[in-house]
A.B. asks: 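Before we start, here is the structure in question, set down as structure tokens.
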Amino acid sequence: MTSVIANEAKAGNGKKDKEPTSDRSRSENRLALKLVALPLALMLLVTAFPMLRALYLSLFTYSLTAPDDRKFIGIDNYVTALTDGLFWRDTLVTVIIMIVTVAFELVIGFAFAMVMHKVIFARGVIRTSILIPYGVITVVSGFAWQFAFSNTNGFVNDWLPFIGTDFNWFAERNSSLIAIMASEIWKTTPFMSLLLLAGLAQVSEDMLEAAKVDGATWWQRLYKVILPNMRAAIMVAVLFRALDAYRIFDNIFVMTAGANGTESISFLTYRQVIEQFQLGIGSALSVLLFLSVLVVAFIIVKLFKVNLADARQEG
Amino acid sequence: MTRRPARRTSRSTRATVGLAAAALSMSVLAACGGGGGKPTLNWYINPDGQDTLNALAKSCSTDDYTIKIQLLPSSATDQRTQLARRLAAKDTSTDLMSLDPVFVPEFANANWLLPFEGELADQVLDDDVLKGAGETVTWEDKVVAAPQWANTQVLWYRKSLAQAAGLDMTQPVTWDQVIDAAADNDGTVGVQANKYEAYVVWINSLIQGAGGNILDPKTVEDGRDAKVTIDSKAGEDAAAVIEKLAKSGATQPDFTTSNEGTSLGRMFPESGAGEFMTNWTFVYKNYEGLIGKPGGPKDEAELGDLGFARYPQTVQGEESKPPIGGIDIGVGAYSKHPELAQQAAVCVTSAQAQTDLAVNEGLMPSRQSVYGSDELKEAYPAELLTLWSESVDSGGPRPKSAFYSQVSSAIQSRWHSPTSVGPSTPARSAAFLEAVLSGKALL
């Protein structure tokens with residue numbers, strides 16, 4: 001299905017190249033510009049403005065409850081944040097959550113993608129049931145898993161053999177993080193498998209058949225043919241999920257509210273702005289969050305040496 | 001061929017958008033409502049005592065305005081953020097709001113509360129208002145809210161337990177005495193020591209009871225420049241009480257996560273001597289309603305064994321400073337009907353309103369005269385009413401700072417867990433609090 005869409009898009013591009021400057025296409029272009037202008041202005045208003053505003057506010061000491069004491073302090077907020085142990089502790093927690101969840105999601109997601117790709121019977125039902133968790137609102141998923149891990153009315157303690165029935169998962173950091181990550185993985189693996197399915201669909205059957213004829217085993221076909229050919233799709237999936245995971249908020253908010261050192265960077269930012277009303281330092285933290293997301297994206301792109309343009313064109 | 005349908009779609013889209021816009025503007029107009037008729041005043045209340053507050057809204061509505069109740073979330077943090085978001089956006093539909101006393105300085109400093117002036121101010125804060133409650137509604141010498149009801153903590157205990165310990169409860173007792181009495185007689189001491197606001201309430205009362213303060217009261221209104229005075233003899237005395245309790249045999253199993261509800265069940269246990277517990281005024285009605293039920297006294301006679309006394313002293317001989325809570329009514333600074341809203345605020349905080357709240361909901365009055373009313377005397381023992389009104393009158397407020405939520409979080413972060421509190425805690429928390437106030441540390 002995805003490949004069909006990709007082909008159509010390609011065909012569309014091709015057509016545009018073929019008829020360069022007829023009157024009709026020029027007026028179409030003008031119309032397109034006019035049509036785009038208003039949405040573009042709106043986009044700038046709703047995205048660029050808040051971003052610039054946050055950048056501006058981050059240079060002030062500014063509390064909502066003391067508007068008269070607002071004072072320009074340059075980059076002091078950034079210095080405070082970057083020299084504070086809490087910031088780095090929360091960054092570490094966020095990175096751990098990101099790496100662990102994306103790794104699990106990649107493996108499980110790939111298995112699901114294979115199932116969805118190969119399944120012959122009850123295709124619609126199986127695909128739909130795999131995708132259901134993704135349709136669940138994260139807050140709901142957070143509550144569901146919180147109840148599951150609860151030591152008073154949850155079932156996880158009864159199911160796991162090495163855990164006492166009254167073990168409190170939310171009493172300390174590591175076990176809380178496990179519960180948070182379980183919810184996160186359950187909820188977003190379907191998204192990962194959807195992206196990977198698109199990649200699987202792009203692997204040419206001819207190549208697979210050729211490999212088969214040459215005597216390649218199932219593992220060899222997976223490693224030598226399928227995975228290299230869907231590298232771009234894997235890359236996109238990992239990138240999307242990593243950036244999402246880095247901004248994790250809902251599950252933590254619902255399950256621990258940041259207790260026992262389970263706070264992520266987003267949660268720290270939320271607390272400064274929404275709970276403490278500290279717009280200055282809060283804005284500085286959100287700018288830092290934005291920058292660190294860029295860094296994560298940059299690292300992943302460099303690490304996997306993938307050209308993002310490839311990801312869209314390959315097929 | 002592809003263009004024609006496109007154009008048709010755009011035309012029909014335009015029509016849809018037009019319709020939607022029309023519908024939207026109509027609904028916006030409808031929402032503004034009232035159009036020339038009687039104005040509606042929105043009163044944001046917290047969920048305590050809803051029934052009586054609804055009745056009050058009805059009885060205080062006049063020919064000039066109608067009061068409409070809007071319900072806030074149940075957690076204090078959520079109440080505060082929801083109101084703050086509205087007021088920061090200069091919401092004109094926030095007319096009246098029920099405020100926890102610690103929000104008043106924050107909101108007043110941000111100019112979100114319309115001060116009561118002249119005659120109205122005298123009416124809202126006259127001599128009848130108990131001192132502890134009155135202190136919570138002033139900011140920079142202005143009356144910025146009207147006290148509606150007042151909460152305070154007293155020492156609840158089992159008379160049999162105090163007797164076994166040989167403690168004379170007719171005289172003021174100290175924390176030391178209470179902890180020893182409980183530890184030596186198979187009893188426990190119930191407090192609020194989870195990492196939350198009520199733990200700061202306890203710490204603040206302990207420090208004030210030793211003659212000190214978390215922030216210097218003379219500079220507390222200066223916000224970030226307030227002088228931090230928690231690192232003092234009084235701070236050390238307070239830390240010593242917490243340390244003593246933590247190391248005594250009188251702690252309850254959930255000491256480090258205890259809240260207002262956790263120690264209620266230990267007053268009348270299946271076995272054991274019961275407890276001493278500092279807790280708010282709701283405790284009395286709670287046990288009265290639990291006679292013969294789990295967690296409550298077995299019968300009337302056992303309820304008679306429930307004693308109450310003035311909040312314990314931190315230091316022998318120095319008068320204790322019971323905690324103050326309750327609700328103040330503020331008027332939104334951006335209200336479209338400020339005069340009417342202030343009239344309404346006076347009505348919902350009147351003596352009659354306070355009587356209804358006390359009798360129906362157990363929310364105690366902030367006015368002295370109401371404690372003497374026949375309705376209250378019928379509902380509560382006379383000595384308890386006297387104890388409560390004295391406690392509210394002599395109670396100590398938490399720091400009246402525009403940065404209170406930061407102050408509170410900073411204290412919680414350095415004083416929790418209570419088992420880690422020691423002689424160095426006040427100094428450590430002072431350094432951290434100073435850093436937080438000056439924006440040099442993250443919370």
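Here is how names work: the chains are called A, B, and so on, in the same order as the sequence lines, proteins then strands, and each is numbered from 1.
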A.B. asks: Ignoring hydrogens, what is the shortest heavy-atom contact between A:D84 and B:K440? Give both atom names and the distance.
C.D. replies: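 Reported closest heavy-atom pair: OD2-O, 4.4 Å.
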A.B. asks: With a 4.5 angstrom heavy-atom cut-off, could you sort out which part of B:A402 is near chain A: side chain, backbone, both or neither?
C.D. replies: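 B:A402 touches chain A through backbone and side-chain heavy atoms alike.
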A.B. asks: Between B:D78, B:L443, B:L87, B:T77, which has the largest tally of heavy atom pairs under 4.5 Å with chain A?
C.D. replies: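 Option with the greatest count: B:L443.
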A.B. asks: Can you name the nearest heavy-atom pair linking B:A110 to A:P67, along with the distance?
C.D. replies: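 Distance-wise, the nearest heavy atoms are CA-CD, 3.7 Å.
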A.B. asks: Nearest heavy-atom pair of B:L442 and A:F87: which atoms, and what distance?
C.D. replies: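 Looking at all heavy atoms of both residues, the shortest contact is CD1-CB, 4.0 Å.
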A.B. asks: So which part of A:I281 gets closer than 4.5 Å to some heavy atom of chain B, the side chain, the backbone, both or neither?
C.D. replies: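 The answer is the side chain of A:I281.
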A.B. asks: Counting only heavy atoms not in A:L31, do more than 12 fall under 6.0 Å of its CG?
C.D. replies: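 Atom CG in A:L31 is packed in, count exceeds 12.
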A.B. asks: Which bit of B:T257 comes within less than 4.5 Å of chain A, counting heavy atoms only: side chain, backbone, both or neither?
C.D. replies: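 Neither; nothing under 4.5 Å.
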A.B. asks: Below 4.5 Å from any heavy atom of chain A, which atoms of B:R224 appear? Answer side chain, backbone, both or neither.
C.D. replies: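 The side chain, not the backbone.
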A.B. asks: Looking at A:I75, I'd like to know if its CD1 atom is crowded, meaning that more than 12 non-hydrogen atoms belonging to other residues, nucleotides or ligands lie closer than 6.0 Å.
C.D. replies: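 Not more than 12 within 6.0 Å, no.
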A.B. asks: Please output the residues of residues 284-293 of chain A in contact with chain B, using a heavy-atom cutoff of under 4.5 Å, in numerical order.
C.D. replies: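 Residues of residues 284-293 of chain A touching chain B at under 4.5 Å: A:L285.
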A.B. asks: Quick check: do B:S405 and A:F277 have side-chain heavy atoms less than 4.5 Å from each other?
C.D. replies: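 No, every pair of side-chain atoms sits at 4.5 Å or beyond.
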A.B. asks: Just checking B:D141: does its CG atom have more than 12 heavy atoms from other residues, nucleotides or ligands closer to it than 6.0 angstrom?
C.D. replies: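 Open: at most 12 neighbouring heavy atoms sit under 6.0 Å from CG of B:D141.
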A.B. asks: Give a yes or no on whether A:R70 atom CZ has more than 12 heavy-atom contacts from other residues, nucleotides or ligands under 6.0 Å away.
C.D. replies: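 More than 12 within 6.0 Å, yes.
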A.B. asks: Side chains of B:E106 and A:L64: does their closest heavy-atom pair fall under 4.5 Å?
C.D. replies: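 Sidechains of A:L64 and B:E106: no contact.
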A.B. asks: Give me the one residue out of A:Q278, A:E275, A:Q276 that meets side chain to side chain donor-acceptor pair (under 3.5 Å) with B:Q406.
C.D. replies: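 Only one option passes, and that is A:Q278.
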A.B. asks: Counting only N and O atoms by type, is there a donor-acceptor contact under 3.5 Å from the side chain of B:T81 to the main-chain atoms of A:I274?
C.D. replies: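 No: the side chain of B:T81 does not pair with the backbone of A:I274.
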